[in-house]
Every structure is written in C-alpha cells, then in structure tokens.
A.B. asks: 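Please find one structure pasted underneath; my questions will follow.
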Amino acid sequence: MYNTLGPVLCFVFFIIIVKGAIIKKVSVDIGKNITIQCPLHKSKDIMWEREGRTADQNIMMNLLNNGSLFLQEVDKNDSAVYSCGRENDVTDIRARVNLTVRTPPSPLIVSIKPSTIIALILWEVNGTGGYPIINFTAQYRLAYNNSSWIPISPNHITPNSRQVEVFNLTPNTTYEFRIWATNQLGKSPVVNVFGTTKKQYPEQELARHLLEGADKFDTRWWAVAVGIVMGTLVLLGIGTCTLLYQECRVTTVEEEQEIIELVPNIILNPGFEGTSRNEPDENSNNEIPMRLNNNTTHNHADRRNNAKACNTF
Ligand SMILES: *[C@@H]1O[C@H](CO)[C@@H](O)[C@H](O)[C@H]1NC(C)=O
Ligand SMILES: *[C@@H]1O[C@H](CO)[C@@H](O)[C@H](O)[C@H]1NC(C)=O
Ligand SMILES: *[C@@H]1O[C@H](CO)[C@@H](O)[C@H](O)[C@H]1NC(C)=O
Ligand SMILES: *[C@@H]1O[C@H](CO)[C@@H](O)[C@H](O)[C@H]1NC(C)=O
Ligand SMILES: *[C@@H]1O[C@H](CO)[C@@H](O)[C@H](O)[C@H]1NC(C)=O
Ligand SMILES: *[C@@H]1O[C@H](CO)[C@@H](O)[C@H](O)[C@H]1NC(C)=O
Ligand SMILES: *[C@@H]1O[C@H](CO)[C@@H](O)[C@H](O)[C@H]1NC(C)=O
Ligand SMILES: *[C@@H]1O[C@H](CO)[C@@H](O)[C@H](O)[C@H]1NC(C)=O
Ligand SMILES: *[C@@H]1O[C@H](CO)[C@@H](O)[C@H](O)[C@H]1NC(C)=O
C-alpha cells in the first residue's frame, strides 16, 4: 500500500510545484497599458487565457506578434490570473501571472454616532487599492439644505485614524456627513451619511423623563438592591466579630502591663482625682474618691472578666 502511495504523492507534489511555483505577480496602475510576457516561453505560438473565463471570451484578448499579452488602459476588473502555454503543447505546462490593478481606495464603511452637540464619525477601510492611504477627508453640513460643506478639523486626518469628532452641533438637527480616503492614485468614492443629533431636554422635561423611567421601574430590582445591602451588613457583622475576637486575644496578653501603668498614673497625678475632692459637694459626701477607687478596681475586674469571656470563646 505504501509502495503505491509514495509515487502518487510524488506526482501530486510535482504537479503542485509545476502549476504553483511559476506564478508571477504583476501590478499595474489603473488606466495604464501593460504588456505581459509569458514567463515560460519567448516563442510566438503562445496561448493566453484568463482563468475563470470561457474560450470565447479569451479569444478577445490582444496578443502581440512576439507572444506577449497586451492590456490597454486597464480597469479594476482586469485584475485576474492569466495563464500562458505553448499552442498545441501535449505536456500542457502553463505559467500563471497574477495581475493586480492598483486603484484609488475602495469606499469607506462609515457610521455616525451623534449625541446632543457632538457627533462621532467612525469608519473602516475596505481595501486601500494597492497603495497606502495618504489621508482621509471629512466634511459636514446641514441636511436637506444646499449649504456649503464645512471641513472637519483636523483637515488632514492621518492614515491611522479611524474616527473623528464633530463639535458645536445643534441638538435635534439632522446633518449630512461625507468622507473619503486618498492614496497616490486619487480619491476613493465619497460616502455620504446622515445623522440626527439628540434632543437636549429642558430641566422640566428631563425630570418628567426620569419619572417615566420610575413608572416602569421593575420592583425585582428593589429586591436585588435590598439583598445586596443585607449581604453587606452581614459581612460587616462577621468582620466586626472577627476583629473583636482578635482584639480580645491581644488584650489578655497586654493586660498585666496596662494595669501596672494605670496605677502610677493615679498615684503620680494627684490632680487627676480632681479639685472637687477637697471641696465637698452639696451633700458633703466624700464619695468621689471612693468612687474613683472603685472605678479603677472595677476596671481591673472588668478586664479580667473580659479576658475570661474571651478565653471561653
Ligand atoms: C495605450 O495604448 C493605446 C493604443 O496602443 C494608446 O493609444 C494609448 O495612448 C496608450 N495609453 C497609455 C497611457 O500609454
Ligand atoms: C513584445 O513586443 C512588445 C511591443 O511590441 C514589447 O514591448 C515587448 O517587450 C516584447 N516582448 C518580448 C518578450 O520581446
Ligand atoms: C470592466 O468594467 C468596465 C466598466 O467599469 C466595463 O466597461 C468593461 O466592459 C468591463 N470589462 C470586462 C472584461 O468585464
Ligand atoms: C493574486 O494577488 C492578489 C493580491 O496580491 C491576491 O489577493 C490573490 O489571492 C492572488 N490570487 C492568486 C490566485 O494567487
Ligand atoms: C468591501 O469590498 C468588497 C469588494 O471590494 C465588497 O464586495 C463588499 O461589499 C465591501 N464591504 C462593505 C461592508 O461594503
Ligand atoms: C439652509 O440653512 C440656512 C442657514 O442655516 C437657512 O437660512 C436656510 O433657510 C436653509 N435652507 C433650507 C432650504 O433649509
Ligand atoms: C440644491 O442645489 C441644486 C443645484 O445646485 C438643485 O438642483 C437642488 O434642487 C437644490 N436643492 C435644494 C433642497 O435646494
Ligand atoms: C490629502 O492628500 C492629498 C495628496 O497628497 C492632498 O492633495 C490633499 O490636499 C490632502 N488632503 C487633506 C485634507 O489634507
Ligand atoms: C425636534 O425637532 C422636531 C422637528 O424638527 C420637533 O418637532 C421637535 O419638537 C423637536 N424636539 C425638541 C425637544 O426640540
């Protein structure tokens, strides 16, 4: 099986090489004359045909005495693959020439995105024509009004641009925009597009517009919003608990130190206990120092209790 496959594959490759390798690329600018020489032979008895055409159409082709193909003032539709071979050649080995006619760029694919006072012109290039694009030109004017075209700055839109903004438009107004690309052979066909700027609502109307939206407001969104808020609260609660728990653990360690620091503060700061100690209050009760003392001891006890509570966590 492999013995037969090998030669077959070789033969297929041979045909691909013979038919595919000899394909010559030729480019010509639109409107020019071109003489194409058959790459295979230089004899007179050369037959040319254009691929994808019937024999009758091929007879119309203009052959020179020396076997070259002559195309006069080529048009875009002359772009094709032409093949040539010796007349009555049994081997039928042919050479192919891929002729490309260079043209001005193809029409751009344009869309307009108007807002109230600004419009965005967007475009795509659908074929440069064979030469790089030099620039784009865009203009606008009021629609349905024979006013003159207003250039859109920048006047020279660079070849890499694919959009340009038009400023200072009037809201709720229809404009006509036109744009074309230029390469070294000339301008592409001009594309005209209409666009209407959006209405600018006075404040009253704007409010009414917003309320209109409220009527159609879907209550399910409320449920979703409430759900989100509740979820956030629960998360916050969990976070706070975690933080408290961690703080508890820290205070049990630092507790002893803090108690020691508190006591000297009270001892070294007689003023801390206030002037009111020396001035008995209305009831002549000398309760304040007691209470202070109680408070400090109470604090210690509280902290211990806290620590105990934490330890039970
Ligand atoms: C193309 O060839 C035709 C006929 O041979 C001639 O009249 C014409 O001037 C040529 N055009 C150009 C651009 O060379
Ligand atoms: C064939 O003749 C044309 C003019 O008649 C000439 O331009 C061209 O170079 C010639 N081609 C060859 C292969 O001699
Ligand atoms: C090519 O297009 C032009 C018009 O653009 C037409 O006059 C001419 O007949 C076409 N040629 C062929 C071979 O189709
Ligand atoms: C001929 O050349 C053009 C442009 O380079 C290319 O797009 C096209 O695929 C080529 N055709 C063939 C059959 O090679
Ligand atoms: C792009 O150009 C090709 C041929 O040049 C054409 O058939 C096609 O419709 C164009 N595409 C658009 C979106 O205009
Ligand atoms: C065209 O526009 C000008 C100025 O904006 C305006 O005075 C004129 O009436 C318009 N003409 C038409 C036919 O709409
Ligand atoms: C615009 O001007 C052209 C001639 O310049 C005329 O034929 C056409 O009727 C005018 N259109 C309007 C709407 O004035
Ligand atoms: C675009 O380039 C062409 C060719 O260089 C030039 O004639 C034309 O004035 C340029 N257009 C703009 C708007 O700059
Ligand atoms: C927009 O323009 C249309 C007709 O040009 C007019 O009937 C409408 O009242 C305008 N709307 C606003 C909000 O200006």
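Atoms within a ligand are numbered from 1 in the order they appear, just like the ligands themselves. Every value quoted in this text rests on a predicted model; they were computed, and no experiment measured them. All values below come from the heavy atoms of this structure, side chains included, with hydrogens, waters and symmetry mates left out.
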A.B. asks: Could you tell me which atoms of ligand 4, counted from 1 in the order shown, lie closer than 4.0 angstrom to a heavy atom of V81?
C.D. replies: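 Every atom of ligand 4 under 4.0 Å from some heavy atom of V81: 13 (C).
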A.B. asks: Right, does atom 14 (O) of ligand 4 have protein non-hydrogen atoms nearer than 4.0 Å?
C.D. replies: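 True for atom 14 (O) of ligand 4.
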A.B. asks: Regarding E176 and N192, is there a side-chain donor-to-acceptor distance under 3.5 Å anywhere?
C.D. replies: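 N192 and E176 do have a side-chain donor-acceptor pair below 3.5 Å.
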A.B. asks: State whether the side chain of S188 and the backbone N or O of A181 hold a donor-acceptor pair below 3.5 Å, judged by distance alone.
C.D. replies: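 Looks like yes, one N/O pair under 3.5 Å.
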A.B. asks: Return the residue, atom name and 0.1 Å-rounded distance of the protein heavy atom closest to atom 8 (C) of ligand 4.
C.D. replies: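 The protein heavy atom lying closest is N98 ND2, 3.7 Å.
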A.B. asks: Return a yes/no value for K76: is any of its N or O atoms, backbone included, closer than 3.5 angstrom to an N or O of ligand 5?
C.D. replies: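 No, there is no polar N/O contact under 3.5 Å.
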A.B. asks: Locate the shortest heavy-atom distance separating W48 from S68; write the atom from each residue and the value.
C.D. replies: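 Result for this residue pair: NE1-C, 4.0 Å.
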A.B. asks: What atoms in ligand 8 come closer than 4.0 Å to a heavy atom of T137?
C.D. replies: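 Reading through ligand 8 atom by atom, the close ones are 13 (C).
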A.B. asks: For N168, does the CG atom have more than 12 heavy-atom neighbours from other residues, nucleotides or ligands under 6.0 Å away?
C.D. replies: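 No - once you tally the heavy atoms of other residues, nucleotides and ligands closer than 6.0 Å, there are 12 at most.
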A.B. asks: Check ligand 5 against I109 and write out every atom of the ligand that is under 4.0 Å from a heavy-atom position of the residue.
C.D. replies: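 Result: 12 (C), 13 (C).
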A.B. asks: List the closest protein heavy-atom neighbour of atom 4 (C) of ligand 4: residue, atom name, distance to the nearest 0.1 Å.
C.D. replies: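 Protein heavy atom with the smallest distance to atom 4 (C) of ligand 4: K25 NZ, 3.7 Å.
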A.B. asks: Look at the aromatic rings of F136 and W123 and report parallel, tilted or perpendicular, splitting at 30° and 60°.
C.D. replies: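 Rings of F136 and W123: tilted, 30 to 60°.
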A.B. asks: Within the protein, is there a heavy atom lying under 4.0 Å from atom 2 (O) of ligand 8?
C.D. replies: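 Yes.
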A.B. asks: Where is the nearest protein heavy atom to atom 5 (O) of ligand 8: which residue, which atom, and how far?
C.D. replies: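 So the nearest neighbour among protein heavy atoms is I134 CG2, 3.8 Å.
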A.B. asks: Testing the 3.5 Å rule here: is there a donor-acceptor pair between the side chains of D29 and Y131?
C.D. replies: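 Yes, a side-chain donor-acceptor pair sits under 3.5 Å.
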A.B. asks: What is the closest protein heavy atom to atom 10 (C) of ligand 5, and at what distance does it sit?
C.D. replies: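 For atom 10 (C) of ligand 5, the nearest protein heavy atom is N126 ND2, 2.4 Å.
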A.B. asks: Give, for atom CG of L71 and atom CG of N62, the distance between the pair rounded to the nearest 0.5 Å.
C.D. replies: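 If I round to the nearest 0.5 Å, the distance is 8.0 Å.
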A.B. asks: Do any nitrogen or oxygen atoms of T182 come within less than 3.5 Å of a nitrogen or oxygen of ligand 8?
C.D. replies: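 It does not: no N or O of T182 is found under 3.5 Å from an N or O of ligand 8.
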A.B. asks: Give the residue, atom name and distance (to 0.1 Å) of the protein heavy atom nearest atom 9 (O) of ligand 8.
C.D. replies: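 Result for atom 9 (O) of ligand 8: N135 ND2, 4.8 Å.
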A.B. asks: Please check this pair: side chain of S106 against backbone of N126, looking for a donor-acceptor N/O pair closer than 3.5 Å.
C.D. replies: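 Yes, the answer is positive, given that a donor and an acceptor are paired below the 3.5 Å cut-off.
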